[in-house]
S.K.: 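This is the structure, below, for whatever I ask next.
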Amino acid sequence: MNTHRVDDLLQQEWLPPESPLAMPVQDLRTGRLSSRALPTSPPAIRRRRALVMGTAIALTLFATYQIWWELCGVGMKVLEGVLLALFVALFAWIALSFSSALAGFVLLLRRRPHPLGIDDAAALPELSTRTALLLPTYNEDPHRVLAGLHAMHESLQDTGQGDRFDFFILSDTTRPEVGHQEVAAVRALRRRLGADARVFYRRRRENAERKAGNIAEWVRRFGGAYPQMLILDADSLMTGDTLVRLAGAMERNASVALIQTLPMIVNGRTFFARMQQFAGRVYGPVVAHGIAWWHGAEGNYWGHNAIIRTAAFARHAGLPHLRGGKPFEGAVLSHDFVEAALLRRGGWAIHMAPGLGGSYEEGPPS
């Protein structure tokens with residue numbers, strides 16, 4: 001029996017019974033925003049947005065007037081007009097980031113509770129549903145990837161609620177030698193964790209639509225068995241406490257489709273990775289709290305370290321192939337932003353939880 005046939009048989013043994021869930025492809029042109037009110041939206045969300053955007057507009061107008069005054073001294077010609085237009089666009093972006101970060105700084109000083117009731121200091125909630133942890137991988141070092149999965153599995157066991165979580169390793173690996181290493185690494189991991197460990201492995205033959213297609217294929221095959229799924233990256237690490245709190249928040253808030261955490265970079269080895277790690281620790285929480293404050297229940301999705309309501313995702317987030325000729329045609333590459341917009345269009349809330357610790361991503365290996 002050839003090696004590929006052996007790998008296919010092992011995958012069949014390492015997968016649970018299928019529970020299909022329909023995931024229709026969405027039309028990006030004809031859909032309409034649902035008018036359904038969002039119960040978890042802060043009552044003063046319009047004032048928050050007016051304050052952040054108004055501050056940014058005021059700063060931009062003041063700065064534009066100053067540079068316009070300087071340019072008038074030498075005469076406004078075509079090049080000066082282009083310079084002024086570029087200045088307005090770039091300064092407005094910086095001003096919005098500043099006003100948003102300022103709101104985050106004030107929020108951190110006040111330490112206000114999260115609207116979904118997520119509190120690191122509170123006792124862990126008792127879960128009543130099962131969550132799938134999806135770990136997509138693409139030609140990664142399987143030993144490094146599964147070491148992180150093993151750590152998360154042990155951390156969940158320490159919470160006493162590890163039986164509420166199933167791990168799925170969703171491989172899109174195209175290199176045969178890496179695929180064989182994955183099978184060997186999964187076999188070794190399952191042996192270490194014991195027969196009762198719910199760690200599953202699936203490798204696609206063709207990685208159509210990349211990561212978005214990888215997740216969508218899982219939803220269509222197994223999504224019906226899991227009320228929520230938590231999307232990881234190959235370099236993601238999350239503590240058991242954080243995973244339990246996220247699942248508990250989804251159980252308590254039936255109108256929420258997605259909760260995005262703030263992943264912090266750890267274990268950076270290169271100089272650039274260490275700079276990113278330092279910057280993320282210093283001003284990452286400030287920026288994230290500010291964004292969460294004025295986004296409210298209409299936040300964004302960064303593609304990993306986020307928990308998602310499976311049925312909502314299946315109903316509203318099926319991505320179409322783009323048309324229009326190269327380089328625009330094909331699969332949606334920034335799928336996470338589009339999926340967040342589609343979920344919101346369908347009437348679901350999307351929140352950020354920047355104050356919830358225990359969410360990490362490893363720096364690139366040296």
S.K.: Please round to the nearest 0.5 Å and tell me the distance separating atom CD of Glu361 and atom CG of Asn267.
M.R.: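 Going from the CD atom of Glu361 to the CG atom of Asn267 covers 11.5 Å.
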S.K.: If hydrophobic clusters are built from ILVMFWY residues whose side chains come within less than 4.5 Å, do Leu262 and Leu258 share one?
M.R.: no
S.K.: Can you get from Leu146 to Val199 by hopping between Ile, Leu, Val, Met, Phe, Trp and Tyr side chains that sit under 4.5 Å apart?
M.R.: yes
S.K.: Shared ILVMFWY cluster between Phe165 and Leu124, side chains joined below 4.5 angstrom?
M.R.: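 Phe165 and Leu124: one cluster.
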S.K.: Kindly check if the number of other-residue, nucleotide or ligand heavy atoms within 6.0 Å of CZ (Phe98) is above 12?
M.R.: no
S.K.: Look up atom OG1 in Thr174 and atom OH in Tyr138, then write down how far apart they are to the nearest 0.5 Å.
M.R.: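 Going from the OG1 atom of Thr174 to the OH atom of Tyr138 covers 4.0 Å.
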S.K.: Output the distance between atom CG (Leu108) and atom NE2 (His289), rounded to the nearest 0.5 Å.
M.R.: 4.5 Å
S.K.: Can you see which heavy atom on Arg164 is nearest to which on Thr129, and at what distance?
M.R.: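 Answer, listing the atom of Arg164 first, then Thr129: CD-O, 3.6 Å.
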S.K.: Judged by atom type as modelled, is there a donor-acceptor pair below 3.5 Å linking the side chain of Arg309 to the main-chain atoms of Val256?
M.R.: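 The answer is yes, because a donor-acceptor pair under 3.5 Å joins these two groups.
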S.K.: Output yes when a side-chain donor or acceptor of Asp119 lies under 3.5 Å from a complementary backbone atom of Ala121, and no otherwise.
M.R.: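 It does hold such a pair.
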S.K.: Over all heavy atoms of both residues, which pair between Leu342 and Ala317 is shortest? Give the atoms and the distance, please.
M.R.: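 Heavy atoms of Leu342 and Ala317 come nearest at CD1-CA, 4.0 Å.
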S.K.: Sub-3.5 Å donor-acceptor pair from the side chain of Glu80 to the main-chain atoms of Leu71, do we have one?
M.R.: no
S.K.: If only atom types and distance count, is the side chain of Glu329 paired as donor or acceptor with the main-chain N or O of Pro327 below 3.5 Å?
M.R.: no
S.K.: Out of curiosity, Arg220 CZ to Glu18 CD, how far, rounded to the nearest 0.5 Å?
M.R.: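 CD of Glu18 is found 13.5 Å from CZ of Arg220.
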S.K.: In Å, rounded to the nearest 0.5 Å, how long is the span from CG of Leu133 to CZ of Phe168?
M.R.: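 Going from the CG atom of Leu133 to the CZ atom of Phe168 covers 10.0 Å.
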S.K.: For Asn214, check side chain to side chain contact (heavy atoms under 4.5 Å, CB included) against everything at least two apart and list the hits.
M.R.: Pro136, Leu170, Asp172, Arg202, Arg204
S.K.: What is the minimum heavy-atom distance between Phe337 and Tyr301, and which atoms define it?
M.R.: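 Smallest interatomic distance, heavy atoms only, reads CD1-O, 3.7 Å.
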S.K.: For residues 55-77, pull every pair meeting side chain to side chain donor-acceptor pair (under 3.5 Å), keeping only residues two or more places apart or in separate chains.
M.R.: none
S.K.: Just by modelled atom types, is the Val178 backbone N or O under 3.5 Å from a matching donor or acceptor in the Asn139 side chain?
M.R.: no
S.K.: With sequence neighbours left out, what residues match Arg198 under salt bridge (Lys or Arg N to Asp or Glu O under 4.0 Å)?
M.R.: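 Arg198: salt bridge (Lys or Arg N to Asp or Glu O under 4.0 Å) contacts with Asp166.
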S.K.: Using side chain to side chain contact (heavy atoms under 4.5 Å, CB included) as the criterion, point out the one residue from Ile307, Leu156, Leu243 that pairs with Met238.
M.R.: Leu243
S.K.: Report the C-alpha separation of Tyr201 and Thr137 in whole Å, then their side-chain angles, then the decisive distance to 0.1 Å, and conclude whether the side chain to side chain contact (heavy atoms under 4.5 Å, CB included) test is met.
M.R.: CA-CA 11 Å; Tyr201 173 79; Thr137 180; 5.8 Å; no
S.K.: Go through it in stages, so that I can follow the logic: the residues are Met275 and Phe272, the test is side chain to side chain contact (heavy atoms under 4.5 Å, CB included), and I'd like the CA-CA distance, side-chain angles, deciding distance and then a yes or no.
M.R.: CA-CA 5 Å; Met275 284 200 311; Phe272 182 69; 3.9 Å; yes
S.K.: Check side chain to side chain contact (heavy atoms under 4.5 Å, CB included) between His150 and all other residues, then give those that pass, not counting sequence neighbours.
M.R.: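 In terms of side chain to side chain contact (heavy atoms under 4.5 Å, CB included), with neighbours along the sequence ignored, His150 is linked to Glu154, Leu189, Arg192, Leu193.
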S.K.: Is the number of heavy atoms from other residues, nucleotides or ligands within 6.0 Å of CZ (Phe105) greater than 12?
M.R.: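 No, not enclosed.
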S.K.: Could you check whether any side-chain heavy atom of His335 comes within less than 4.5 Å of a side-chain heavy atom of Glu209, counting everything from C-beta outward?
M.R.: no
S.K.: Nearest heavy-atom pair of Gln157 and Gly162: which atoms, and what distance?
M.R.: OE1-CA, 3.2 Å
S.K.: If only atom types and distance count, is the side chain of Ser155 paired as donor or acceptor with the main-chain N or O of Thr239 below 3.5 Å?
M.R.: no
S.K.: Distance-only check: which donor-acceptor pairs under 3.5 Å involve side-chain atoms of residues 346-359, not counting sequence neighbours?
M.R.:
unit_1: Trp348; atom_1: NE1; unit_2: His316; atom_2: NE2; d: 3.4
unit_1: His351; atom_1: NE2; unit_2: Thr40; atom_2: OG1; d: 2.7
unit_1: Ser359; atom_1: OG; unit_2: Thr261; atom_2: OG1; d: 2.8
unit_1: Ser359; atom_1: OG; unit_2: Asn305; atom_2: ND2; d: 2.8

S.K.: May I ask you to test the Ile169-Val145 pair for a side-chain heavy-atom distance under 4.5 Å?
M.R.: no
S.K.: Under 3.5 Å, side chain of Gln260 to main-chain N/O of Trp302, donor-acceptor pair present?
M.R.: yes
S.K.: Would one find more than 12 heavy atoms of other residues, nucleotides or ligands at under 6.0 Å from atom CZ of Arg315?
M.R.: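 Counting neighbours around CZ of Arg315, 12 or fewer heavy atoms of other residues, nucleotides or ligands fall under 6.0 Å, so no.
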S.K.: Is Tyr360 reachable from Leu149 through a run of I, L, V, M, F, W or Y residues, each pair having side-chain heavy atoms under 4.5 Å apart?
M.R.: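 No: no chain of side-chain contacts under 4.5 Å links Leu149 to Tyr360.
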S.K.: Does any non-hydrogen side-chain atom of Pro125 lie less than 4.5 Å from one of Val244?
M.R.: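 Side chain of Val244 against side chain of Pro125, heavy atoms only: contact under 4.5 Å found.
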S.K.: Locate the shortest heavy-atom distance separating Val219 from Leu21; write the atom from each residue and the value.
M.R.: O-CB, 3.5 Å
S.K.: Answer yes or no: does atom CZ of Arg210 have more than 12 heavy-atom neighbours from other residues, nucleotides or ligands under 6.0 Å?
M.R.: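 No.
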S.K.: Show the nearest heavy-atom pair for residues Trp293 and Ile45, with the distance to one decimal.
M.R.: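 Minimum heavy-atom separation between Trp293 and Ile45: O-CD1, 3.8 Å.
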S.K.: Parallel, tilted or perpendicular: which describes the rings of Trp218 and Phe222, with under 30° parallel and over 60° perpendicular?
M.R.: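 If you compare the ring of Trp218 with that of Phe222, the planes turn out tilted.
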S.K.: CZ/Arg221 to OG/Ser19 distance, rounded to the nearest 0.5 angstrom?
M.R.: 12.0 Å
S.K.: Please determine if Asp233 and Lys211 form a salt bridge, counting it only when a charged side-chain N lies under 4.0 Å from a carboxylate O.
M.R.: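 Answer for the salt bridge query: yes.
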S.K.: Please report the C-alpha distance between Phe313 and Met23 in whole Å, then the side-chain angles of each, then the deciding distance to 0.1 Å, and finally whether the side chain to side chain contact (heavy atoms under 4.5 Å, CB included) criterion is met.
M.R.: CA-CA 8 Å; Phe313 189 83; Met23 188 172 181; 3.4 Å; yes
S.K.: Give every residue pair that meets the salt bridge (Lys or Arg N to Asp or Glu O under 4.0 Å) criterion with at least one member in residues 234-258, sequence neighbours excluded.
M.R.: Asp120-Arg245
S.K.: Would you kindly confirm whether Leu230 and Leu116 end up in one hydrophobic cluster when ILVMFWY residues are joined by side chain heavy atoms under 4.5 Å apart?
M.R.: yes
S.K.: Show the numbers, then the answer: is there a side chain to side chain contact (heavy atoms under 4.5 Å, CB included) between Thr131 and Met250?
M.R.: CA-CA 10 Å; Thr131 301; Met250 292 296 281; over 6 Å; no
S.K.: Flag yes if more than 12 heavy atoms outside Asp196 fall under 6.0 Å of its CG atom; otherwise flag no.
M.R.: no
S.K.: Does some side-chain heavy atom of Glu339 sit less than 4.5 Å from a side-chain heavy atom of Val332?
M.R.: no
S.K.: Among Gln181, Glu182, Arg203, Glu140, which one satisfies side-chain hydrogen bond (donor to acceptor under 3.5 Å, both in side chains) with Thr173?
M.R.: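 For Thr173, the side-chain hydrogen bond (donor to acceptor under 3.5 Å, both in side chains) check succeeds only for Glu182.
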